[in-house]
Amino acid sequence: MAAAPRLLLIYPATEKLGWVRRFQLPSLSLKQVAAATPPEWEVLLADEIHEDIPFDGQFDLVGITAMTHQAVRAYEIADRFRLRGIPVVLGGIHPTVLPEEALQHADAVVIGEAEPVWAQLLSDLQAGRMAPRYRSIPHGDLLEIPWSRRDFLAGRTYLTTQTIQASRGCPYDCPFCTVTPYFGRTFRYRDPDDILAELRTFDRKLTIFLDDNILGDPERAKPILRGMAGLGLRWGGQANLRFAEDPELVSLLAQSGCIGIFVGIESVAGPQANHPKTGSRFSQADLIKRVRDTGIVLEASMIFGFDDHDESVFETTVRYLEECAPSIPTFHILTPYPGTALFEQFDREGRMLHKEWQHYDHNQVVFRPKLMTPEQLYRGWRAARREVYRWPSVLSRVMQGNGKLVNLAYNVLRRGGVYGDEEVVYPPKGSGGPLGNGQGMKP
Ligand code: B12
């Protein structure tokens with residue numbers, strides 16, 4: 001009998017991580033691709049965060065996933081395998097948005113979700129007729145996917161291997177976000193019985209939901225939360241703060257074992273603050289307090305660099321966060337990702353500084369802001385991060401919420417990341433060029 005065909009799935013790394021690699025999450029994207037692979041295939045993983053890529057190995061197919069900031073590394077890896085005649089398939093958000101770019105480095109691209117098309121691609125490969133593009137188009141409101149595979153992660157240490165999705169998509173369409181263009185406005189949930197059955201196979205407590213907005217449809221989320229109440233899991237996920245308008249949802253969330261929830265507040269200044277995503281008859285401060293009172297850690301993410309942000313935005317945001325005291329504030333630099341309305345607008349206006357995808361990671365300025373220079377944006381972002389993680393700010397936040405010890409632990413961890421990096425040079429090391437004076441435009 002012929003040996004099983006061998007598939008190598010690769011998660012490219014853009015930086016070398018030390019011991020913190022043990023606190024990373026495995027790629028759910030690749031766990032799902034593995035689950036959709038017919039059983040006759042042997043599936044191997046190279047997670048570059050944990051190990052070197054086996055460039056000399058024998059494989060029948062190599063599959064690589066890529067977010068935008070990983071694309072350049074993904075292409076380098078793909079080119080090396082293809083030089084040896086090993087076929088490469090690229091998938092994930094970046095190849096989905098820019099399939100023609102990805103095809104310069106791959107034999108095929110999966111556009112969108114793998115589950116509906118992957119078995120067909122593999123059988124076409126074995127028949128010697130693999131096409132360059134396999135496209136899946138999401139439809140309906142039911143998400144039907146196989147349970148993700150965790151066995152092929154063996155031998156590596158992650159924060160947890162218990163990552164899962166209850167839904168895909170988001171009911172909102174924020175101009176800077178990739179999710180709704182990617183899923184074409186569909187918002188699908190799995191059958192609660194199916195998701196609860198998968199959760200019952202988890203043998204550890206810590207579980208992370210990687211949904212874009214797990215509470216985005218409260219009526220569909222509630223049966224899942226009710227079912228989780230008896231499972232003894234401790235879980236974290238991502239949602240929109242509006243869920244806290246519904247007191248029943250907040251209490252179900254706490255009963256379900258939720259220990260942390262990440263919400264995008266995005267901006268406290270200007271029209272962005274009134275975006276339908278956040279606009280509500282409740283004040284954000286009230287909603288944050290409701291969640292905080294349950295003892296659930298609330299991580300609030302803010303973005304700097306919208307067109308109505310001038311240099312005063314940093315101070316305004318820091319003061320605002322002192323007032324409403326979410327457990328953990330996180331700051332990002334606005335990053336227009338290809339495929340978003342924001343990217344199209346800035347590109348049309350000639351405001352993109354470069355298209356060196358490896359720098360599209362929220363920690364660098366890749367566009368020309370309207371009311372600041374790129375350097376002011378970068379320096380303001382750094383200063384604001386440091387300001388909210390000064391000890392007095394940390395302690396004041398921790399004292400305002402329930403679950404003080406847990407909150408303190410999270411804040412200390414986050415503070416380490418912010419204060420560990422003392423360098424204040426601009427442009428940051430390894431960034432795309434002298435962006436500070438706006439002269440860094442590259443073709
Ligand atoms: C979980 C997650 C993370 C995790 C990733 C953990 C991990 N090890 O993978 C963490 C928290 C680390 C993370 C970090 C970041 N993330 Co993130 N993250 C997500 C999130 C919420 C879910 C991704 C996921 O796992 N989905 C579940 C899987 C099953 O779906 P999928 O990825 O779409 O995969 C399917 C298909 O794409 C396809 N596919 C994917 N890969 C491959 C490969 C092959 C070979 C094939 C055939 C098919 C295929 O098949 C899969 C199954 O259907 C997405 C939002 C989203 N909806 O994509 C954002 C998202 C991917 N993240 C994003 C960003 C920007 C980041 C950060 C850069 C932000 C930051 N600076 O904080 C960092 C990068 C950190 C780093 N250095 O790597 C953006 C990416 C935008 C872009 N164009 O790149 C997204 C889309 C969020 C957004 N709203 O825009 N993120």
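Start at 1 and go down the list; that is how both ligands and their atoms are numbered. Note that the structure is predicted; figures quoted are calculated from it, not measured.
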Those atoms of ligand 1 less than 4.0 Å from some heavy atom in G63: 45 (C)
Polar proximity ligand 1 side, H362 side, N/O cut 3.5 Å exclusive: no
Criterion side chain to side chain donor-acceptor pair (under 3.5 Å) against T330, the qualifying member of R414, R385, H362: R414
Sub-3.5 Å N/O-N/O distance, L25 and ligand 1: yes
Atoms in ligand 1 with a heavy atom of I93 nearer than 4.0 Å: 82 (C), 83 (N), 84 (O), 86 (C)
Ligand-residue contact atoms, ligand 1 with Q165, heavy atoms, under 4.0 Å: 26 (N), 27 (C), 29 (C)
Min N/O separation E15 to ligand 1 under 3.5 Å: no
D361-ligand 1 polar pair, N/O distance under 3.5 Å: yes
I145, portion touching ligand 1 at heavy-atom distance under 4.0 Å: neither
Check: T178 N/O within less than 3.5 Å of ligand 1 N/O: yes
Structural part of H332 in contact with ligand 1, heavy atom criterion under 4.0 angstrom: side chain
Proximity of P338 to ligand 1 by residue part, where a heavy atom lies under 4.0 Å: neither
Contact check, G112 vs ligand 1, heavy-atom distance below 4.0 Å: yes
Heavy-atom gap H69 to ligand 1 smaller than 4.0 Å: yes
Interfacing atoms of ligand 1 (cut-off 4.0 Å, heavy-atom, V110): 47 (C)
Heavy atom of the protein closest to atom 83 (N) of ligand 1 (residue, atom name, distance): T68 OG1, 2.8 Å
Under 4.0 Å to a heavy atom of V179 - the qualifying atoms of ligand 1, by number: 57 (N), 89 (N)
Option with minimal heavy-atom separation from atom 36 (C) of ligand 1, where the choices are F183, Y182, W118: Y182
Selected option - heavy-atom contact closest to atom 34 (O) of ligand 1, from S29, A34, C177, P336: S29
Non-hydrogen atom of K31 closer than 4.0 Å to ligand 1: no
Proximity to ligand 1 by part of R168, non-hydrogen separation under 4.0 Å: side chain
For atom 91 (N) of ligand 1, the protein heavy atom that lies nearest, with its residue and separation: M67 CE, 4.0 Å
Closer than 4.0 Å: a protein non-hydrogen atom to atom 28 (C) of ligand 1: yes
Of the listed options V62, L98, D212, closest to atom 57 (N) of ligand 1 (non-hydrogen atoms): D212
Check: Y337 N/O within less than 3.5 Å of ligand 1 N/O: no
Beyond-backbone contact of Q70 with I64, side-chain heavy atoms, under 4.5 angstrom: no
Aromatic F314 / basic R382 pairing, under 6.0 angstrom, 45° off normal: no
Polar atom proximity, V33 to ligand 1 (N or O, under 3.5 Å): no
Y11 heavy atom under 4.0 Å from ligand 1: yes
Aromatic centroids of H50 and Y158 separated by under 6.0 Å: yes
E115 neighbourhood, listing ligand 1 atoms whose heavy-atom distance to it stays under 4.0 Å: 52 (C), 53 (O)
Which segment of T65 sits under 4.0 Å of ligand 1 when only heavy atoms are counted: both
For Q32, atoms of ligand 1 separated by under 4.0 Å from a heavy atom: 29 (C), 52 (C)
4.0 Å protein heavy-atom contact status of atom 86 (C) of ligand 1, strictly under: yes
Axial cation check for F367 ring with R351, 6.0 Å and 45° limits: no
Proximal atoms of ligand 1 relative to P26 (non-hydrogen, under 4.0 Å): 7 (C), 8 (N)
